[in-house]
Number of protein chains: 2
Amino acid sequence: MTHKYQSISLEIEQKIMNGHYNNTGNKLPTEEDLVNEYGVSRNTIRKAIDTLVKKGFIMPVQGSGMFIRDVSMKNSNAINLENFRGLTADYQYSKIETKLLEFQEVKATKKIAEIMQCNVGDDLYFINRLRIIDGKKWVVEYSYYNKQYIPFLNKEIINNSIYNYIQQALKKQIGYVDRIIEAGPLNEKDAKLLGLEVGDPALISTNKSMFKSGEIFDYSIDVHNYKYTKFLKLSNLL
Amino acid sequence: MTHKYQSISLEIEQKIMNGHYNNTGNKLPTEEDLVNEYGVSRNTIRKAIDTLVKKGFIMPVQGSGMFIRDVSMKNSNAINLENFRGLTADYQYSKIETKLLEFQEVKATKKIAEIMQCNVGDDLYFINRLRIIDGKKWVVEYSYYNKQYIPFLNKEIINNSIYNYIQQALKKQIGYVDRIIEAGPLNEKDAKLLGLEVGDPALISTNKSMFKSGEIFDYSIDVHNYKYTKFLKLSNLL
DNA sequence: TATAATTTGTCCGTATGTATA
DNA sequence: TTATACATACGGACAAATTAT
């Protein structure tokens with residue numbers, strides 16, 4: 001299940017992060033060198049590189065080489081939208097606390113059923129959590145999980161990473177995440193939870209998560225503390 | 001300069017938008033069919049498809065087919081972060097007005113020089129615009145352009161699309177855009193311009209644009225009216 | 001339930017084009 | 001001008017997931 005291009009991509013990414021290429025003019029070895037180093041075809045190297053380009057780590061310039069992109073923005077502790085795999089993965093070097101505010105089974109309303117492409121009345125888990133990172137009240141999350149795909153959840157799983165549970169215990173591959181990002185005024189409840197004032201700005205992300213095979217298993221609304229959360233989008237238009 | 005995979009990708013994208021595949025179960029033809037239809041190799045078809053997957057238009061499922069993704073979120077008139085090529089391109093079917101508030105040449109300060117990777121004192125254009133879409137005060141833009149790369153700008157260009165000018169008149173290819181997205185309270189000036197109240201939420205995007213060859217030609221801050229602007233991010237984690 | 005056919009995914013090799021140094 | 005290095009495009013073989021039989 002782990003392919004050549006995946007492990008090569010990961011290894012190069014780690015080398016970039018380690019500063020392994022800092023003394024080579026912030027350039028990666030040429031494709032030919034990588035072909036020899038890893039003993040694979042040029043296509044495979046290019047596929048490995050592709051994912052790093054997508055993530056915004058490198059900038060290939062035809063005729064010149066593959067340059068490691070400036071990490072100043074990456075270091076601004078913004079969440080890279082290309083990398084996003086849940087708070088637990090994104091802030092793996094920080095202390096994450098979770099306050100479980102609500103956890104219950106509910107039936108899909110017409111509106112939710114439409115969004116999650118399930119039937120009205122289907123069983124869902126509803127979860128409301130406050131996430132605290134390094135002592136800072138970071139985000140209030142409202143999530144619905146389709147019980148048809150996530151048949152069991154408990155407080156322990158919820159207090160850790162639901163995404164890890166899905167991937168490791170359920171052995172399901174998360175394929176797609178659709179996310180709408182907007183700003184809006186905080187309501188009383190969220191303001192109180194985040195330690196802010198009513199009407200203060202919030203960075204709101206509304207998300208739909210799908211398995212590789214397309215089924216929507218999660219719909220969630222994340223109300224972020226505007227003082228902490230930033231999203232980073234590294235686009236390449238080529 | 002236009003490659004096979006590019007024109008094929010564009011054609012398929014237009015067919016998706018036209019609803020051309022609606023009666024085929026929202027599925028694209030198989031790769032083999034596309035190979036025959038366009039008379040190119042399978043690799044070329046896959047490369048064309050790749051860009052559409054990246055843009056979030058289609059969801060390939062191994063063994064099953066390539067499904068056109070639900071456009072409900074796309075139709076929420078949010079700006080697709082994967083597509084972004086400036087307001088003029090994104091809202092090509094809307095009426096865009098531009099109020100030029102400030103346009104002058106300035107010298108790069110230490111802070112700006114660091115961001116734009118140029119020298120302190122380098123010549124820059126500074127532009128402050130209010131953009132009105134379909135009569136709605138949409139966004140206040142503060143932009144710096146490096147004169148070294150964009151040697152000439154005038155009011156006419158500014159009132160239309162600077163990006164179009166760069167690509168068509170200067171024949172430069174835009175390669176990368178780094179963008180940080182956050183929320184924050186409106187200051188007095190921006191609130192007034194957007195017809196909102198001081199302290200109201202704003203969706204703020206801070207951008208760095210680079211040519212294909214890496215030079216930073218633009219640094220800008222966009223203060224969006226939270227009532228109108230939404231960003232859409234369609235991720236595939238595969 | 002098991003098998004075969006279909007369809008996308010990975011990987012290889014090669015040749016030629018194009019931008020940069 | 002020449003060499004370097006990435007980009008495009010072709011072709012083929014086999015693997016893996018899904019669907020149909």
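First the proteins, then the strands, lettered A, B, ... as listed; each starts at 1. Since we're looking at a predicted model, the values are computed, not measured.
No more than 12 heavy atoms of other residues, nucleotides or ligands shown are found within 6.0 angstrom of CD on A:E156. Within 6.0 Å of NZ on B:K15 lie more than 12 heavy atoms contributed by other residues, nucleotides or ligands.
Between B:K107 and B:D123 there is a salt bridge, since at least one side-chain N of the basic residue sits less than 4.0 Å from a carboxylate O of the acidic one. Between B:E82 and B:K54 no salt bridge is recorded (no basic side-chain N to carboxylate O distance below 4.0 Å).
No option in A:F211, A:Y165, A:Y149, A:Y176 other than A:F211 meets the ring pair (Phe, Tyr, Trp, His ring centres under 6.0 Å) test with A:F217.
Rounded to a whole Å, the CE atom of A:M59 is 17 Å from the P atom of D:dA5. Nucleotide C:dA19 holds its C1' atom 16 Å from the CZ atom of B:F211, rounded to whole Å. Between B:Y38 atom OH and D:dC10 atom C1' there is a gap of 19 Å when expressed in whole angstrom units.
Side-chain contact between A:L10 and A:Q6 is absent, with no heavy-atom pair separated by less than 4.5 Å.
Pairing for C:dT8 goes to D:dA15, judged as Watson-Crick or G-U wobble with the two contacts each under 3.5 Å. Of all nucleotides present, none satisfies the Watson-Crick or G-U wobble test against D:dT1 with each distance under 3.5 Å.
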- Going 5' to 3' along nucleotides 6-12 of chain C, which nucleotides have protein heavy atoms under 4.0 Å from the base (write B), which only from the sugar-phosphate (write S), and which from neither (write -)? BBBBBSB
